[in-house]
Amino acid sequence: MSEPAAQPSVPGPTARGVNTWAYTLVFCALAVAAAGGYYFYEKSRNPLPPPVDEIKSLKDYVARLATTQKLADGYADADGDLVADRPADASKLVKVGDELVFSVVGTDDEKKLDEAEKGWASFTAALAKATGKKVTYARDLTSPESRTLH
């Protein structure tokens, strides 16, 4: 009789599977270390710019702007604040009627018009008190016949 055929052996767990995980973890650690090294290398080569002092920059800008700005001919600005001074001659003052009409660029939306009128109520009251004139808030400036604008 012939000898019985050997049964094929089923491979069991080997140490090779553990080595695969170890290699993977070592590779990931090296990749993270390389990425971190590259980040710090680039950061050292390209330092952050110094912080900008916005207030100083704005003051410098306004100072440069003031040297090039001037009021239109016929107006004086003795203190240099770019606001026209009151004319010394009272005859040059513009005569204004008994009513001041105030408005902002509006919209056709009635709800927004109501909100705008309420929002400007304290301003129009203060303007009336300061000038001694009646101040009205114009809601409709769509037709030229409705109001005279200056």
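Sequential numbering from 1 along the given sequence is applied to the chain's residues. As the structure is a computational prediction, the values presented were derived from the model and not from experiment. Values below: all heavy atoms of this structure, side chains included; hydrogens, waters and symmetry mates excluded.
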Query raised in the report: Between V52 and S57, which heavy-atom pair has the shortest distance, and what is it?
Result: CG1-OG, 3.9 Å
Query raised in the report: What's the shortest heavy-atom distance between D85 and A78, and which atoms?
Result: OD2-N, 2.5 Å
**Report entry** D60/K56 salt bridge by N-O under 4.0 Å criterion
**Finding:** yes
Query raised in the report: How far does CD of E115 sit from CG of D109, to the nearest 0.5 angstrom?
Result: 8.0 Å
Report summary line: Closest non-hydrogen contact found for D98 with K133 is O-CB, 3.6 Å
Query - Mutual orientation of the aromatic rings belonging to W120 and F123 [parallel < 30°, tilted 30-60°, perpendicular > 60°] - result: perpendicular
Query raised in the report: Can you tell me how far the OG atom of S44 sits from the OH atom of Y39, to the nearest 0.5 Å?
Result: 11.0 Å
Report task. With side-chain contact (heavy atoms from CB on, under 4.5 Å) as the test, would you mind laying out the steps for E117 and T124 before giving the verdict? Result -> CA-CA 9 Å; E117 189 170 359; T124 55; over 6 Å; no
**Report entry** Pairwise side-chain contact, V62 with K59, heavy-atom cut-off 4.5 Å (strictly under)
**Finding:** no
Query raised in the report: Which distance, rounded to the nearest 0.5 Å, do you find between the OG1 of T131 and the CG of L100?
Result: 5.0 Å
Query raised in the report: Can you name the nearest heavy-atom pair linking A138 to V101, along with the distance?
Result: CB-CG1, 3.5 Å
Query raised in the report: When rounded to the nearest 0.5 angstrom, what distance separates CZ in F40 from NZ in K43?
Result: 6.5 Å
Report summary line: Interatomic distance, CG@L30 vs CG@L25, rounded to 0.5 Å, equals 11.0 Å
